Enquirer: 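Sharing a structure with you now.
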Amino acid sequence: MKFAPQLGNSQGYGQAIVGEGVNSDHVERFYMNSYPINTRQPHLLPKLPPSLRESLEAYLEELEKLAISLLGCLAKTLKIDREVMLKMYEKGMQSVRMNYYPPYSKPELVTGLGTHSDGSAITIVHQVDGVDGLQVKQDGVWIPVEFIPNAFVVNIGDILEIWSNGVYKSPEHKVTVNEHTRRISIGVFFMPKQEAEIGPAHSLINSTNPALFTSVTMDKYLKEFFSRKLAVKTYLDHMKINKF
Ligand SMILES: O=C(O)CCC(=O)C(=O)O
Ligand SMILES: [Fe+2]
């Protein structure tokens, strides 16, 4: 199919191709880089129907503002200078994933989206029809994320865990499938600028609070994160200085 993702390029419509013989999730999805604009692939967004393209464009622009204000609040709680946060995240990388989870007669036999943590700094999820399915692991127990009308779910991703030097943790989460009802969600992922360094914020590190993670370029982070199957913190674990 024209819009299908390829091995090594997860953007497009359909299942991500992560390698041969890998179980796929029970979801149809459309995934693409949205910002900066020069990272967009010309065969995706421009080919969407104009009404969808315009709504999506407006949505992504508004969410960008929301993400910066949320990252501003998070930086404040970490006592990280706002300018440092802006330098890293303003006009940063953004990608969007629209998920359609079809109903399945034996939902216990499939996963909508397997257990993973997000590779982003933060993710803003809109559960479109208010249909349940998202679950988050807390103290070893899976907790359904309750749907709240007119509210987004904001998820902490691995980059924020690294940047906050472990103060914020990126939670394990997954999506289950319903027997009779389809579920639709839109996740927008926010990441630093392409030229940023991914590592603990310098202002948080001193002799009593040493860095728990190594630093890598955003380029390397993206390459290595996406070369792995969507999973729980495998790359974040790889960046830990003392594996704990
Ligand atoms: O469908 C959802 O509610 C969440 C999707 C998700 O976790 C993801 O796309 O990373
Ligand atoms: Fe996720």
Side-chain angles (χ1 to χ4, degrees), residues 5 9-18 22-35 44 56 59-60 63-64 66-67 70-71 74 92-104 107 110-138 142-162 168-191 221-222 224-237:
N9 176 10
S10 52
Q11 295 184 63
Y13 182 82
Q15 288 276 352
I17 316 286
V18 281
V22 176
N23 284 343
S24 21
D25 296 314
H26 191 71
V27 60
E28 288 171 30
R29 35 70 98 197
F30 178 83
Y31 178 71
M32 64 158 215
N33 291 344
S34 36
Y35 287 132
L44 294 177
L56 188 61
Y59 183 70
L60 295 173
L63 253 63
E64 191 66 28
L66 176 61
L70 289 170
L71 284 160
L74 289 162
M93 298 189 72
Q94 187 204 69
S95 57
V96 56
R97 199 182 135 117
M98 294 187 256
N99 303 299
Y100 168 72
Y101 304 94
Y104 191 66
V110 293
T111 45
L113 198 55
T115 306
H116 68 283
S117 60
D118 291 348
S120 56
I122 58 171
T123 307
I124 300 179
V125 180
H126 176 35
Q127 306 186 82
V128 175
D129 300 319
V131 176
D132 291 333
L134 180 59
Q135 299 193 351
V136 63
K137 206 181 212 176
Q138 207 175 17
W142 285 108
I143 313 279
V145 175
E146 204 183 311
F147 174 73
I148 303 173
N150 304 317
F152 289 123
V153 173
V154 179
N155 197 16
I156 301 282
D158 292 351
I159 291 179
L160 203 81
E161 178 162 344
I162 296 167
Y168 287 105
K169 309 269 189 250
S170 63
E172 285 180 40
H173 55 287
K174 67 176 180 182
V175 179
T176 58
V177 169
N178 296 302
E179 188 179 347
H180 300 294
T181 329
R182 60 146 209 223
R183 179 169 183 276
I184 296 177
S185 67
I186 306 175
V188 184
F189 302 87
F190 298 90
M191 285 175 274
Y221 178 86
L222 286 176
E224 305 213 339
F225 183 87
F226 284 106
S227 66
R228 291 158 189 253
K229 177 173 161 30
L230 194 61
V232 182
K233 301 186 176 189
T234 55
Y235 191 53
L236 178 138
D237 281 341

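Atoms within a ligand are numbered from 1 in the order they appear, just like the ligands themselves. Remember, predicted model here, so these are calculated numbers, not experimental data.
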Enquirer: Going by heavy atoms in the side chains, are Tyr31 and Met98 under 4.5 Å from each other?
Expert: no

Enquirer: Test side chain to side chain contact (heavy atoms under 4.5 Å, CB included) on Asn99 and Ile184 and set out the steps.
Expert: CA-CA 6 Å; Asn99 303 299; Ile184 296 177; over 6 Å; no

Enquirer: So, does Arg183 sit close enough to ligand 1 that a heavy atom of it is under 4.0 Å from the ligand?
Expert: yes

Enquirer: Among the N, O or S atoms of His116, which one sits nearest to the Fe ion (ligand 2)?
Expert: NE2

Enquirer: State whether the side chain of Tyr221 and the backbone N or O of Gly119 hold a donor-acceptor pair below 3.5 Å, judged by distance alone.
Expert: yes

Enquirer: For Asp132 and Arg183, run salt bridge (Lys or Arg N to Asp or Glu O under 4.0 Å): C-alpha distance rounded to whole Å, both residues' side-chain angles, the deciding distance at 0.1 Å, then the answer.
Expert: CA-CA 8 Å; Asp132 291 333; Arg183 179 169 183 276; over 6 Å; no

Enquirer: Which donor-acceptor pairs under 3.5 Å do the side chains of residues 145-157 make with protein atoms, sequence neighbours left out?
Expert:
unit_1	atom_1	unit_2	atom_2	d
Asn155	ND2	Asp118	OD2	3.0
Asn155	ND2	His173	ND1	3.4
Asn155	ND2	His173	NE2	3.2

Enquirer: If the cut-off is 4.0 Å to any non-hydrogen atom of Tyr101, which atoms of ligand 1 fall inside it?
Expert: 1 (O), 2 (C), 5 (C)

Enquirer: With heavy atoms under 4.0 Å as the rule, classify the contact between Asp118 and ligand 1 as side chain, backbone, both or neither.
Expert: side chain

Enquirer: When you measure from the side chain of His26 to the backbone N and O of Pro102, does any donor-acceptor pair fall under 3.5 Å?
Expert: yes

Enquirer: Have a look at His173 and say which of its N, O or S atoms is nearest the Fe ion (ligand 2).
Expert: NE2

Enquirer: Distance under 4.0 Å to a non-hydrogen atom of His173: what atoms of ligand 1 satisfy this?
Expert: 7 (O)

Enquirer: Atoms of ligand 1 less than 4.0 Å from Arg97 heavy atoms?
Expert: 9 (O)

Enquirer: Short list, please: which atoms of ligand 1 are under 4.0 Å from a heavy atom of Val125?
Expert: 3 (O)

Enquirer: Give the atoms of ligand 1, by number and element, whose distance to some non-hydrogen atom of Val175 is under 4.0 Å.
Expert: 1 (O), 2 (C), 4 (C)

Enquirer: Among all residues two or more places apart in sequence or in another chain, which pass the ring-ring contact (aromatic ring centres under 6.0 Å, His included) test with Phe189?
Expert: none

Enquirer: Only heavy atoms count here, so choose which of Leu113, Val131, Val96 is nearest to atom 5 (C) of ligand 1.
Expert: Leu113

Enquirer: So which N/O/S atom does Asp118 have closest to the Fe ion (ligand 2)?
Expert: OD1

Enquirer: Provide the number and element of each atom of ligand 1 under 4.0 Å from a heavy atom of Ser185.
Expert: 1 (O), 2 (C), 3 (O)

Enquirer: Is there a heavy atom of His116 sitting under 4.0 angstrom from any atom of ligand 1?
Expert: yes

Enquirer: What part of Gln127, side chain, backbone, both or neither, has a heavy atom within less than 4.0 angstrom of ligand 1?
Expert: neither

Enquirer: Looking only at the side chains, is there a donor atom on one of Glu224 and Tyr235 sitting less than 3.5 Å from an acceptor on the other?
Expert: yes

Enquirer: Of all the heavy atoms in Gly187, does at least one lie under 4.0 Å from an atom in ligand 1?
Expert: no

Enquirer: Considering the heavy atoms of Asn99, write down every atom of ligand 1 situated less than 4.0 Å from one of them.
Expert: 1 (O), 5 (C), 9 (O)

Enquirer: If we ignore angles and hydrogens, is there a donor and acceptor under 3.5 Å between the side chains of Asp158 and Ser170?
Expert: yes

Enquirer: Show the atoms of ligand 1 that are less than 4.0 angstrom away from any heavy atom in Phe189.
Expert: 8 (C), 9 (O), 10 (O)

Enquirer: Could you walk me through whether Thr111 and Thr176 satisfy the side chain to side chain contact (heavy atoms under 4.5 Å, CB included) test, starting with their C-alpha distance in whole Å, then the side-chain angles of each, then the deciding distance to 0.1 Å, before giving a yes or no?
Expert: CA-CA 5 Å; Thr111 45; Thr176 58; over 6 Å; no

Enquirer: Mark yes or no for whether Asp25, through its side chain, and Gly114, through its backbone, hold a donor-acceptor pair below 3.5 Å.
Expert: yes

